[in-house]
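Data first, discussion second: the structure below is written as structure tokens.
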2 protein chains.
Amino acid sequence: MGERAPLWHRVPDLAALELLLAVARLGSLGRAAAELGISQPAASGRIRTMEKLLGVPLVERSPRGSRLTRAGALVTDWARRVVEAAEAFDAGAQALRADRDSRLRVAASMTIAEYLMPGWLIALRAARPDTAVSLLAGNSQFVAERLLAGDADVGFVEGPALPPGLDGAVIARDRLVVAVAPAHPWARRSAPVRAEELAATPLILREEGSGTRQVLDDALGRHAAPLLELASTTAVKAAAVGGMGPCVLSELALTEELSTRRLVEVPLADVTLTRRLRAVWRPGPHPAGPARDLLALTRTPTR
Amino acid sequence: MGERAPLWHRVPDLAALELLLAVARLGSLGRAAAELGISQPAASGRIRTMEKLLGVPLVERSPRGSRLTRAGALVTDWARRVVEAAEAFDAGAQALRADRDSRLRVAASMTIAEYLMPGWLIALRAARPDTAVSLLAGNSQFVAERLLAGDADVGFVEGPALPPGLDGAVIARDRLVVAVAPAHPWARRSAPVRAEELAATPLILREEGSGTRQVLDDALGRHAAPLLELASTTAVKAAAVGGMGPCVLSELALTEELSTRRLVEVPLADVTLTRRLRAVWRPGPHPAGPARDLLALTRTPTR
DNA sequence: TCCACTCATAACCGCGCCTTATGAGCTCAT
DNA sequence: ATGAGCTCATAAGGCGCGGTTATGAGTGGA
């Protein structure tokens, strides 16, 4: 990932990107400025600065408003993805900041907190704008402790078993995916990989003791032989993208890489690497109130 | 999507997020500062500002370096997604700016330019850092014109037919997906939806004449009855998320919504809504040089 | 013809962030 | 033990970006 020049000198800041989205939506610099609470000249200047930075005219100004140019429409679409990521960031950060007196206190495993919670929080904010959520993240045991100690109202964990002393419901299934760089031989295979072949192949994996590792060993009926053992999802992906070998990770962690084809999924023949994602709570009736709202969002439809 | 307070007051700017990633990777404020070309106090201050903004300590400082706190690790993961979106933005913008004297001139349909090109450009930059790419985006006819006029070396189009006068190869298949908000009855269906039922249901669609619309009408054997006709992918998604009804869009456009479950895919019984994505070029031998490099990235493995 | 709307220009100003210089704390090697 | 070498924090000063208000120019409709 070696960059020559810093990214933030080539990408407009979030305020400018959001302004561009507002201009696209409202069709006027002035109205966009008003919506964002800045003056019209400020908006005008910002867009101008952005156009100079990108070297391309983005909006066509006319006495009756402003429309995006063709390039502007494209840039706006790309900008939207940055802003959406920023919104997910904000939703997560807000929950992290919110103190223990929140209306809804959630504890979640790292994987779920990382990949699913921001989306859920955004959806929850849309459905129930007045629900303040706080988020604690840790491993399954940590989640169970917080729940039992009364520090959290709902928890989310991944793994084969329901933690002892808690009630819960399966909300989704998480599939582990074997993925390789497009240049890897397995990317071109016509036949799916069979369990024994997978077990015999050195893989790039999370460290021993991780949930991923556990599921994989169970499914293969023995210990997978690691080519590399890395401590973070990010490091595993980077190694696989670099062509070091096949990696095994949750599909949650791989969505991005698979859809842009930085990595390619390897079809498997006689193994199914799934684990359950569960919502958990203190024993008793199903949670009510805000917790119930959140669960309604997360529960997978019967399929 | 009404926000009460502006987003950029609650989310650190890109420079700060990238700094956080550098700190996570390098384990030291000072080294991160050096990598980004700023002074150590500037980095220290930036992180501090970010912690104050988020209301959560992010890094644990020690005389031997800085490590992320648990919350910091989570924030960093969320930050990584923002930065990745910004990198895609940059890759696209750079190609838009690059003048006609680039080494590789690409023309692409809007959908492909929007969803696939940034990823391809990033991959190409990783593989061949010295290849300057320029990008022109328009509809299929526009792409064909640019190629035939010699203004572009390779093109990418979606649609059933190869544009007349060009050679090409199918690089991927794009599936149209019927999706509904999680609250919609179809989200809970156990039985897949059949063609006739789909045809009889008012749908949220792109406007007449769009590629999406064409494929849908072909597959249903008649004109789909639109509930709403909207001019942009974004508007269609927003309407569907708002629960107005089922929408039909490329899976490329829906990846994000489906994985965060803002929308749910509706399984179909006896219709397959696919269209081919093609690379196209002027008649003759397969492109060589930079164009060939790009095609190698985009071609789907035989599966 | 004049009003209502668009965006652009100009002049001013203040906040924010960066810089350099320095200090304090910890670890380790000599 | 003690000082070198690393860490991060604090302090003081200055520059620049991006904001504001005030105004003007252009266009279209009443």
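Chain A is the first sequence line, chain B the second, and so forth, proteins listed ahead of strands; every chain is numbered from 1. All figures in this text were calculated on a predicted structure; none of them were measured in a lab.
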ask   = Can you tell me how far P of D:dG18 sits from CG of A:D13, to the nearest Å?
value = 7 Å
inquiry  = Of the listed nucleotides (C:dT19, D:dG19, C:dC7), which one gets closest to any side-chain atom of A:A42?
reply    = D:dG19
inquiry  = From the set D:dT20, C:dC7, C:dT19, return the single nucleotide nearest to any side-chain atom of A:I38.
reply    = D:dT20
ask   = Tell me: CZ of B:R67 to C1' of D:dT7, nearest whole Å?
value = 15 Å
message = On the nucleotide D:dA9, are OP1 or OP2 found under 4.0 Å from the side-chain N or O atoms that B:R61 carries?
response = yes
query = How many Å lie between CZ on B:R48 and C1' on D:dA11, as a whole number?
reply = 14 Å
message = So, does B:S39 get its side chain near the phosphate of C:dT19, meaning an N or O under 4.0 Å from OP1 or OP2?
response = yes
ask   = Hey, does the Lys NZ or Arg CZ of A:R70 hover above the aromatic six-ring of B:F142, less than 6.0 Å from the centre and inside 45° of the axis?
value = yes
key: Closest nucleotide among C:dC26, D:dT7, D:dT10 to the B:P41 side chain   = D:dT10
key: For atom NE2 of A:H9 and atom C1' of C:dC18, their distance in whole Å   = 11 Å
query = CZ of B:R46 versus P of D:dC8: gap in Å, rounded?
reply = 17 Å
task = Give the rounded distance in Å between these two atoms: CG of B:L29 and C1' of C:dC18.
result = 16 Å
ask   = OP1 or OP2 of D:dC8 sitting under 4.0 Å from any side-chain N/O of B:S66?
value = yes
ask   = Can you find a side chain N or O atom of B:S44 that sits less than 4.0 Å from OP1 or OP2 on D:dT10?
value = no
ask   = To the nearest 0.5 Å, what is the distance between CZ (B:R97) and CG (A:L54)?
value = 6.5 Å
remark   = By nearest-heavy-atom nucleotide on DNA chain D, the more 5' of A:A43 and A:P63 is A:A43
inquiry  = Any side-chain N or O of B:R31 below 4.0 angstrom from OP1/OP2 of D:dT7?
reply    = yes
task = Please report, rounded to the nearest Å, how far the C1' atom of D:dT27 is from the CD atom of A:E60.
result = 15 Å
message = Please determine whether a side-chain nitrogen of the Lys or Arg among A:E35 and A:R25 lies less than 4.0 Å from a carboxylate oxygen of the Asp or Glu.
response = yes
key: Backbone N/O of A:G72 and side chain of A:T76: donor-acceptor pair under 3.5 Å   = yes
query = Could you state the CD1-P distance from A:I47 to D:dG19, rounded to the nearest angstrom?
reply = 11 Å
request  = Respond yes when some side-chain nitrogen or oxygen of B:S62 is under 4.0 Å from OP1 or OP2 of C:dC26, and no when none is.
outcome  = no
key: Min side-chain heavy-atom separation B:P12-A:F89 under 4.5 Å   = yes
remark   = Sorted by position of nearest nucleotide on DNA chain D, 5' first, the leading residue of A:G45 and A:R64 is A:G45
